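The structure presented is a predicted model; accordingly, all values stated were derived computationally and were not measured.
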Amino acid sequence: MIATHPDGSRLLAEVKGVTRDSGTAADIMFGQMLRRMDDVGGSTRYAVVVPESLRRVVERVPVAVRERLGLELWLVPDDGDPWQV
């Protein structure tokens, strides 16, 4: 998903849900995001978005690594209701 603000800044997010093998899906998600990161240090924000139940799987990539890459972790409720985060 790519969102562009009128000021020209962008948000690029890779979104994944629960699958039979969520660990592999999370690894693929990070790989996909890394290939799309074309403006590190620029005006683009990068985020991976997953259900709260996948927090442990996604946090296998250490915070220090995500911070160094400028990669945010966004969690959404498992029931899909964004107003309850």
Discussion item. Please enumerate all residues that pass side chain to side chain contact (heavy atoms under 4.5 Å, CB included) together with Leu69, with sequence neighbours excluded.
Written reply: Leu34, Met37, Val65, Leu71
Item to complete: Check whether any side-chain heavy atom of Val48 sits under 4.5 Å from a side-chain heavy atom of Phe30, and report yes or no.
Response: yes
Fill in: Which residues share a side chain to side chain donor-acceptor pair (under 3.5 Å) with Thr4, sequence neighbours left out
none
Item to complete: Just jot down the salt bridge (Lys or Arg N to Asp or Glu O under 4.0 Å) partners of Asp38, sequence neighbours excluded, or say none.
Response: Arg10
Practice prompt. Enumerate the residue pairs fulfilling salt bridge (Lys or Arg N to Asp or Glu O under 4.0 Å) with a member in residues 15-25, sequence neighbours excluded, ordered by first and then second residue.
Written response: Glu14-Lys16
Worksheet item: Nearest 0.5 Å, what's the CG-CD distance between Asp79 and Glu52?
Response: 8.5 Å
Worksheet entry | All salt bridge (Lys or Arg N to Asp or Glu O under 4.0 Å) counterparts of Asp39, not counting sequence neighbours | none
Fill in: Shortest non-hydrogen contact between Tyr46 and Arg36, atoms and distance
CE2-O, 4.0 Å
Discussion item. Return the CG to OG1 distance between Leu12 and Thr44, rounded to the nearest 0.5 Å.
Written reply: 7.0 Å
Worksheet item: What pair of heavy atoms forms the shortest contact from Val18 to Pro51, and how long is it?
Response: CG2-CG, 4.1 Å
Worksheet, complete the sentence: Nearest heavy-atom contact between Gly8 and Ser43 is O-OG, 4.1 Å
Fill in: Distance-minimising heavy-atom pair for Ala47 and Leu11
CB-CD1, 4.3 Å
Item to complete: Return the set of residues passing salt bridge (Lys or Arg N to Asp or Glu O under 4.0 Å) with Arg60 (not counting sequence neighbours), or none when no residue passes.
Response: Asp27
Worksheet item: Side chains of Met29 and Val58: does their closest heavy-atom pair fall under 4.5 Å?
Response: yes
Worksheet item: Who are the side chain to side chain contact (heavy atoms under 4.5 Å, CB included) partners of Glu59, not counting sequence neighbours?
Response: Arg55, Arg66, Leu73
Discussion item. Suppose we screen for side chain to side chain contact (heavy atoms under 4.5 Å, CB included). Which residues come up paired with Ile28, at least two apart in sequence or across chains?
Written reply: Thr24, Gln32
